Visitor: 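This is the structure I have questions about; it appears just below.
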Amino acid sequence: MSDCLFQRYRHHVLAAVRAMLPEVSEETLARVEVTPTRDPSHGDMATNAALLLAKVARRKPADIATDLVAALEKVEGVAGVAAAGPGFVNITLVPDVLRSALPAVLKAGENYGDSQSGAGVRVNVEYVSANPTGPMHVGHCRGAVVGDALANLMAKAGFAVTKEFYINDAGAQVKALAWAVYWRYLQALGTTVTEEAFDALTPTGLQYRGEYLIPVGEALVAQYGDNLAESGANPAPELTWLDTVRDFAVAQMLLAIKEDLAALGVHQNVFTSEAQVLRDGVTDAAISTLEKQGLLYEGVLEPPKGKLPDDWEEREQLLFRSTQFGDDVDRPMRKSDGTNTYFANDIGYHADKVARGAQMMVDVWGADHGGYVKRMKAAVRAVTNDAVPLEVVLCQIVHILRDGQPVKMSKRAGTFVTLRDLIDEVGKNAVRFTMLTRKSDAQMEFDLDLVVAQKRDNPVFYVQYAHARCRSVLRAAQEDGSYGATTPDVLAGVPMGCLDSDAEMALVRRMAEWPRLVEAAALAREPHRVAFYLADLAGDFHALWNRGRDDASLRFLQPDAPDATRARLALVAATATVIRSGLAVMGVEPVEEMR
RNA sequence: GGACCCGUAGAUCAGCUGGAUAGAUCGUCAGAUUCCGAAUCUGAAGGCCGGAGGUUCGAAUCCUCUCGGGUCCA
């Protein structure tokens, strides 16, 4: 049984509708909503049932609404029902029913809002998946936070979530990494070869010249001495060292990435290697699955219209018929050198996720991969026979601002480029919260000054401040001692009848919405809704707090009225609990006091 | 040339998968408050939801076209 008030009364509405119109399809019933009202004068919740049923029943919405009113008036806990507007039915609840949200919160603790709507479906959420060629930079940050929060959110909504990181360790870029590390290795050995000479020697030219590889080269010396080089610290043939150096380098980079993720509070359960998936034959198996379905062919792509790449040459290659699944053109599976494209290996990787039990996949990508979505969905549909859906959440670019001016990412200028620098400057919590204050498909400005400002317009501060105020009240009550114990169990049993002011009831209503919000946000794959909900909740709480400024009798602790105080303490404790519940989804730690 | 994302108050953004009079913060204006529950508060003004068609009981939301901005395209 769900503890969600809106679900509970939706069932009553559905029962009333079924009794009235037995012939209504389940499909129509599924669209019946019971939602919070925006305007308190409309009661506590409203349903659109009459509007939806008008066509099926061939009656006016207002007439159906009238009948529904009569049926719903008899439901337990309903104080009043009224038809309104074009055919809405507004329901006003007995205040005690609303207040029952408080003991529900206090008993459930941070688990309040947990839902079964995900029905235990095994969903694989993949995010970050940065190339293991260097430390994480700020560009990775949004995807990391959004992915992590989305995974938490879906878990709270009742999905069985796997948090996954995909290691792109089979492509040309890790080979280039190996060469770059080998160069640092030779340097550590004191080579006389110049950087220019080594650059010329490297197949694709020396990339990844960043200083972060110097310690990796040194570590290589510590482990292998000069065994990977010719005498005199000269380069040895690629064959003799490439695999060793590449594996070593990738492992080191991955370690660094995991440290960065840990600093951000991101801890994925599964790290899957592209190279391993290849070695296991999963990729080949996936490709032959497509082959058997007749979805692969040798063909020639037309050159892109508009600007033509300089090195364009017409050539025959293995193509996937993604156009059959709504893509714009068929997509190549093999490069000119005969190796797999990233796309081909990604197909294998997604097949691997399915083989490991995923019933649903969500990938969180940067906006620069937007052009990749259609083909990947097409391939997943083909390779899984449409059984395992893939959804892609795209995260748009983040612009970092300081004093309202864009921060140029430049090592030379001393401005930061790495994720770690960002975390060091403003803190993990501010980074995470702020990254969730926009829907992910909108571009975002990240203002370094604002996110640490202790001002009303900084939602991080505003929400944390509300929590700190709650905790402060509870501490004071505890120290005073005359209000009895302030543990959740005790407060859950307190009579709440005296909570009846507008501000108090607004807060109660807001908390009653939390389970519903979790479900809706999870369904929409939109973790940012949690941040906005918490800002609203904090707003309700601050408003209540402010009443006590003008009128001391509205303060939470009333020595002359211990019963009322206990009820208010229950309200405060519940508020803190719901804030923590939301922050937990976002991966933000609540603070006990502001300093 | 094409694909994807965005366009909502002066600014920054929400808008709960199509619902009632489109919301919040900042800024502006008008009040309150030498308080310590003030790291302010109350209230007001402010809108062609980029534009034009369409779908239906009903559109910021869905469809088509179009204009801006951003990403990307073996």
Side-chain angles (χ1 to χ4, degrees), chain A residues 6 31 33 35-39 41-42 46-48 50-52 54-55 60-62 84-88 90 299-309 311-315 317 319 326-336 341-343 365-375 392 394-397 399 401 404 437-445 447 450 453-459 461-462 465 468-469 472-473 476 513 516-521 523-526 528-529 531-533 535-536 539 542-552 554-557 594-595:
Chain A
F6 297 91
R31 293 173 53 208
E33 287 185 315
T35 56
T37 55
R38 192 169 24 201
D39 185 341
S41 72
H42 292 151
T47 179
N48 61 349
L51 290 160
L52 285 175
K55 191 177 279 181
K60 288 182 193 161
F88 288 100
N90 294 331
V300 177
L301 283 179
E302 285 182 23
K305 292 176 178 117
K307 65 163 199 222
L308 195 64
D311 58 345
W312 176 267
E313 56 180 82
E314 204 165 80
R315 63 167 177 262
Q317 57 191 152
L319 299 173
D327 201 358
D328 313 302
V329 293
D330 291 338
R331 302 293 179 175
M333 301 284 288
R334 296 266 158 73
K335 293 185 284 192
S336 52
T341 54
Y342 288 113
F343 177 51
W365 295 348
D368 53 344
H369 289 74
Y372 210 66
V373 174
K374 276 189 186 174
R375 81 187 68 167
V392 179
L394 288 182
C395 293
Q396 294 290 333
I397 296 174
H399 293 115
L401 300 184
T437 55
R438 294 277 179 283
K439 56 187 173 200
S440 64
D441 47 13
Q443 291 185 21
M444 172 158 83
E445 295 190 338
D447 191 314
L450 178 59
Q454 303 205 330
K455 292 196 304 191
R456 169 72 183 87
D457 54 335
N458 175 13
F461 163 75
Y462 195 63
Y465 191 30
R469 275 180 159 175
S472 157
V473 170
E513 287 174 29
R516 188 176 171 277
L517 186 120
V518 169
E519 288 186 5
L523 186 68
R525 324 285 185 238
E526 292 185 342
H528 74 277
R529 289 191 200 180
F532 283 93
Y533 170 81
D536 287 342
H542 287 306
L544 182 58
W545 177 286
N546 289 329
R547 297 294 167 92
R549 266 191 9 179
D550 301 330
D551 181 350
L554 293 176
R555 297 185 180 186
F556 295 111
L557 303 182
M594 306 302 288
R595 277 169 290 121

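All chains are named by letter (A, B, ...) in the order of the sequence lines, taking the proteins before the strands, and each is independently numbered beginning at 1. All of these numbers come straight from a predicted model, not from anything done at the bench.
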Visitor: Look at the side chain of Leu51(A) and decide which nucleotide, out of rC6(B), rU17(B), rC57(B), has an atom nearest to it.
Guide: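 Nearest to the side chain of Leu51(A) among the choices is rC57(B).
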Visitor: Of all the nucleotides listed (rG37(B), rA74(B), rA39(B)), which has the minimum atom distance to the side chain of Arg469(A)?
Guide: rA39(B)
Visitor: Report the nucleotide, chosen from rA20(B), rU25(B), rC5(B), that has the shortest atom-to-atom distance to any side-chain atom of Ala84(A).
Guide: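 Of all the options, the side chain of Ala84(A) is nearest to rA20(B).
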Visitor: Pick the P atom in rC6(B) and in rC62(B), then give their distance to the nearest Å.
Guide: 9 Å
Visitor: Which residues satisfy the side chain to side chain contact (heavy atoms under 4.5 Å, CB included) test with Arg456(A), sequence neighbours excluded?
Guide: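 Residues passing side chain to side chain contact (heavy atoms under 4.5 Å, CB included) with Arg456(A): Tyr462(A).
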Visitor: Please tell me which of Asn90(A) and Leu394(A) maps to the more 5' nucleotide of RNA chain B, matching each residue to the nucleotide holding its nearest heavy atom.
Guide: Leu394(A)
Visitor: Could you list the residues that satisfy salt bridge (Lys or Arg N to Asp or Glu O under 4.0 Å) with Arg469(A), not counting sequence neighbours?
Guide: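 None.
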Visitor: What is the distance, rounded to the nearest whole Å, between atom NE2 of His42(A) and atom P of rA22(B)?
Guide: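 Answer to the nearest Å: 12 Å.
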Visitor: Mind checking salt bridge (Lys or Arg N to Asp or Glu O under 4.0 Å) for Asp457(A) and listing every partner two or more places apart, or none if nothing turns up?
Guide: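 By the salt bridge (Lys or Arg N to Asp or Glu O under 4.0 Å) rule, Asp457(A) matches no residue at all.
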Visitor: Apply side chain to side chain contact (heavy atoms under 4.5 Å, CB included) to Asp330(A) and list each qualifying residue two or more places apart in sequence or on a separate chain.
Guide: Tyr297(A), Leu319(A), Arg321(A), Ser322(A), Thr323(A)
Visitor: Among the candidates rU25(B), rA3(B), rU17(B), find the nucleotide nearest to the side-chain atoms of Ala524(A).
Guide: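 Nearest to the side chain of Ala524(A) among the choices is rU17(B).
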Visitor: Only counting residues at least two apart or in another chain, list the ones meeting side-chain hydrogen bond (donor to acceptor under 3.5 Å, both in side chains) with Tyr372(A).
Guide: Asp346(A)
Visitor: Would you tabulate the pairs of protein nitrogen or oxygen atoms and nucleotide nitrogen or oxygen atoms of nucleotides 41-43 of chain B closer than 3.5 angstrom?
Guide:
from, atom 1, to, atom 2, distance (Å)
rC41(B), O4', Arg549(A), NH2, 3.0

Visitor: With sequence neighbours excluded, what pairs up with Glu526(A) under the side-chain hydrogen bond (donor to acceptor under 3.5 Å, both in side chains) test?
Guide: Arg529(A)
Visitor: Would you tabulate the nitrogen or oxygen pairs shorter than 3.5 Å linking the protein to nucleotides 12-16 of chain B?
Guide:
from, atom 1, to, atom 2, distance (Å)
rU12(B), O2', Arg438(A), NH2, 2.9
rC13(B), O5', Arg438(A), NE, 3.1
rC13(B), O5', Arg438(A), NH2, 3.3
rA14(B), OP1, Lys439(A), N, 2.9
rG15(B), OP1, His528(A), NE2, 3.0
rC16(B), O2', Arg529(A), NH1, 3.4
rC16(B), O2, Arg516(A), NH1, 3.0

Visitor: Suppose we screen for side chain to side chain contact (heavy atoms under 4.5 Å, CB included). Which residues come up paired with Asp328(A), at least two apart in sequence or across chains?
Guide: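 Scan of Asp328(A) (side chain to side chain contact (heavy atoms under 4.5 Å, CB included), adjacent residues dropped) gives Arg331(A), Lys374(A).
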Visitor: Can you name the residues that form a salt bridge (Lys or Arg N to Asp or Glu O under 4.0 Å) with Arg334(A), not counting sequence neighbours?
Guide: none
Visitor: Using the side chain to side chain contact (heavy atoms under 4.5 Å, CB included) criterion, which residues pair with Leu401(A)? Sequence neighbours excluded.
Guide: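 With neighbours one apart ignored, the set is Pro406(A), Glu445(A), Asp447(A).
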Visitor: Considering only rA39(B), rA20(B), rG37(B), which nucleotide approaches the side chain of Tyr465(A) most closely?
Guide: rA39(B)
Visitor: Detail all sub-3.5 Å separations between protein N/O atoms and N/O atoms belonging to nucleotides 58-66 of chain B.
Guide:
none

Visitor: Between atom OH in Tyr372(A) and atom P in rA74(B), what is the gap in whole Å?
Guide: 12 Å
